[in-house]
Amino acid sequence: MQAQGKPAQLRWGIAGAGGIARRFCRDVNQHGALGQVVAIAARDQGRANAFAQELALPLAFGSYQALAQSLEVDAVYVAVIHPEHAALIKEMLLAGKHVLVEKPAVTRLSDWDALVALAHERGLLLLEAMKVMCFPAMRTLLARLPELPGPLSLRAAFGSVQPREGKLFDPALDGGAAWDVGVYPLWLYAAFCSQLGLEAGEPVVRLQRAPSEVDFSAHFIFDGAIRAELGASIIEDLDKAAYLSGQWQGQPWTLVIEGKWWNPQGVRWHSGAPAWAQEIAQPVAGGGMQHEADHFAHCVAEGLLDSSWLPQALTRQVLGWVERGLIPARD
């Protein structure tokens, strides 16, 4: 019997046996507080068995359907390739499973709208796994954001040189910089605007793309209440820090999210720090994915159908920016 006031541990299953699934499993099972990964599913039973043996999981399924039908799983972390997200989310929701889906949640805005409606109809939670929003340092920064003197501007990017093969360079698999890593800085910008109650507006989008190829790089320029220059690349290493700037008593200031800003653990003043300013240092154990998993489990325990940290509306906003930004490239 559960102790009074203590929620039951959320029983996770993972759909997809790739690298990110392994990182999620290790973080949750070694560092999570509100759940445990108990099952892995892959298209091949042998691959599922190998994953389960490696990470000491009791259940291994050779199909996603078997995972959906399992009575020993409450929620599913979807970690398959982008084009397979929508159908797999639907299958899990119809089977009564809560779903946390790896970014990008889907690659068509209409799919997201239909899936959110289905989740609400079924009384289930569906969220995009934008882990950066759940790191303690990011929660602290967002809480302090209204105290910062504006107007504000943001500069952030996510880019690295990737081997020119496989899914990232395959248009049929919705590869490219914008879908794969561009969603990270777009989420950061959307979250900052949402926290301050400001309109985000529509970006000017610049793509580097050869005919019949994916976008190698993407830049999103916002000229709204918060100005922003956001970048993404799969062919170039970009600055891993993010910079938030503003004015204080007529003098410029800059905050920097250090290291890999999408795994935020430290925020410091780069220049012009007001006397009242405090820097942020909140390291995490492992890769930090346990924080999104614990937040998801908390939402499930509270009976929530959406999250204040990972709002479905912000996923919708980011998906719309990317989908509309890629339209000229599809023509």
Side-chain angles (χ1 to χ4, degrees), residues 13-16 18 20-21 24 41 43 64-65 67-68 75-122 124-134 158 167-191 194 200 202-203 205 207 214-215 218 220 232 234 262 289 292 296 299 305-307 309-327 329-330:
I14 299 177
I20 199 165
F24 181 85
R43 284 203 176 88
Y64 301 134
Q65 182 182 24
L67 174 63
V76 173
Y77 172 63
V78 172
V80 296
I81 59 175
H82 304 164
E84 296 179 3
H85 283 188
L88 195 50
I89 294 168
K90 183 177 181 179
E91 181 176 2
M92 296 303 164
L93 291 174
L94 289 174
K97 303 291 189 273
H98 304 283
V99 176
L100 178 66
V101 57
E102 189 49 52
K103 60 77 195 166
V106 290
T107 55
R108 298 295 180 272
L109 186 56
S110 58
D111 287 339
W112 182 247
D113 289 342
L115 291 166
V116 168
L118 176 61
H120 287 196
E121 175 188 316
R122 298 256 166 173
L124 297 167
L125 182 62
L126 167 62
L127 298 178
E128 184 178 23
M130 188 50 60
K131 65 174 183 175
V132 58
M133 291 297 122
C134 300
F158 194 139
K167 63 182 181 180
L168 288 184
F169 290 85
D170 189 342
L173 297 180
D174 289 326
W179 280 129
D180 190 61
V181 292
V183 292
Y184 280 105
L186 288 170
W187 248 99
L188 184 66
Y189 177 72
S194 177
E202 194 72 11
V205 183
L207 304 174
V214 300
D215 54 301
F220 298 83
I234 54 175
W262 52 92
M289 298 178 81
E292 66 181 359
F296 187 95
C299 291
L305 300 183
D306 201 353
S307 158
W309 293 11
L310 301 168
Q312 292 157 348
L314 290 197
T315 290
R316 188 182 197 280
Q317 189 171 44
V318 170
L319 293 178
W321 285 332
V322 176
E323 186 173 27
R324 289 189 294 274
L326 290 175
I327 286 174
R330 290 176 181 159

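Just the heavy atoms: all of them, side chains too, but no hydrogens, waters or symmetry mates, feed the values below.
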message: If you define the side chain from C-beta out and look only at heavy atoms, does anything of L93 sit under 4.5 Å from V99?
response: yes
- prompt: Do the side chains of L126 and D306 get nearer than 4.5 Å, heavy atoms only?
  reply: no
field: L319 CG to T107 OG1 distance, which is reported to the nearest 0.5 Å
entry: 8.5 Å
Closest contact, heavy atoms only, V106 versus I89: CG1-CD1, 4.2 Å
field: Output field: ring centroids F220/W321 closer than 6.0 Å
entry: no
message: To check you understand the geometry: which heavy-atom pair defines the closest contact between A191 and L314, and what is its length?
response: CA-CD1, 3.9 Å
- request: Count the heavy atoms belonging to other residues, nucleotides or ligands that lie under 6.0 Å from CD of Q65, then report whether that count exceeds 12.
  value: no
query: About how many Å separate CD1 of I81 and CG of L168, when rounded to the nearest 0.5 Å?
result: 11.0 Å
query: Would you say the side chain of L94 lies within less than 4.5 Å of the side chain of L118, judging by non-hydrogen atoms?
result: yes
- prompt: About how many Å separate CG of L100 and CG of L125, when rounded to the nearest 0.5 Å?
  reply: 8.5 Å
query: For residues 75-87, which residue pairs qualify under side chain to side chain donor-acceptor pair (under 3.5 Å), counting only residues two or more places apart or in two chains?
result: R43-E84, Y77-E102
Side chains of residues 180-190: which donor-acceptor partners sit under 3.5 Å, not counting sequence neighbours?
unit_1 : atom_1 : unit_2 : atom_2 : d
W187   : NE1    : E128   : OE1    : 2.9
Y189   : OH     : A200   : O      : 3.1
Y189   : OH     : I226   : O      : 2.8

Sequence neighbours excluded, every pair satisfying side chain to side chain donor-acceptor pair (under 3.5 Å) that has a member inside residues 111-122: D113-R316, H120-Q312
query: If you look at every heavy atom in P83 and A172, which pair is closest and at what distance?
result: CG-O, 4.2 Å
task: Calculate, to the nearest 0.5 Å, the distance between atoms CD1 and CD1 belonging to I20 and I14 respectively.
output: 10.5 Å
- prompt: Any idea which heavy atoms bring V78 and L88 closest together, and the distance?
  reply: CG1-CD2, 4.1 Å
query: If you round to the nearest 0.5 Å, how far is OG of S307 from CE of M133?
result: 11.0 Å
- prompt: Looking at V76 and M92, what are the two nearest heavy atoms and their distance?
  reply: CG2-SD, 3.8 Å
query: So, for L124 and G96, which heavy atoms are closest and what is the spacing to 0.1 Å?
result: CD2-O, 3.5 Å
- request: Rounded to the nearest 0.5 Å, what's the gap from CG on D174 to CG on L326? Could you check?
  value: 9.0 Å
message: Check whether K131 reaches the backbone of E292 with its side chain - one donor and one acceptor, N or O, closer than 3.5 Å.
response: no
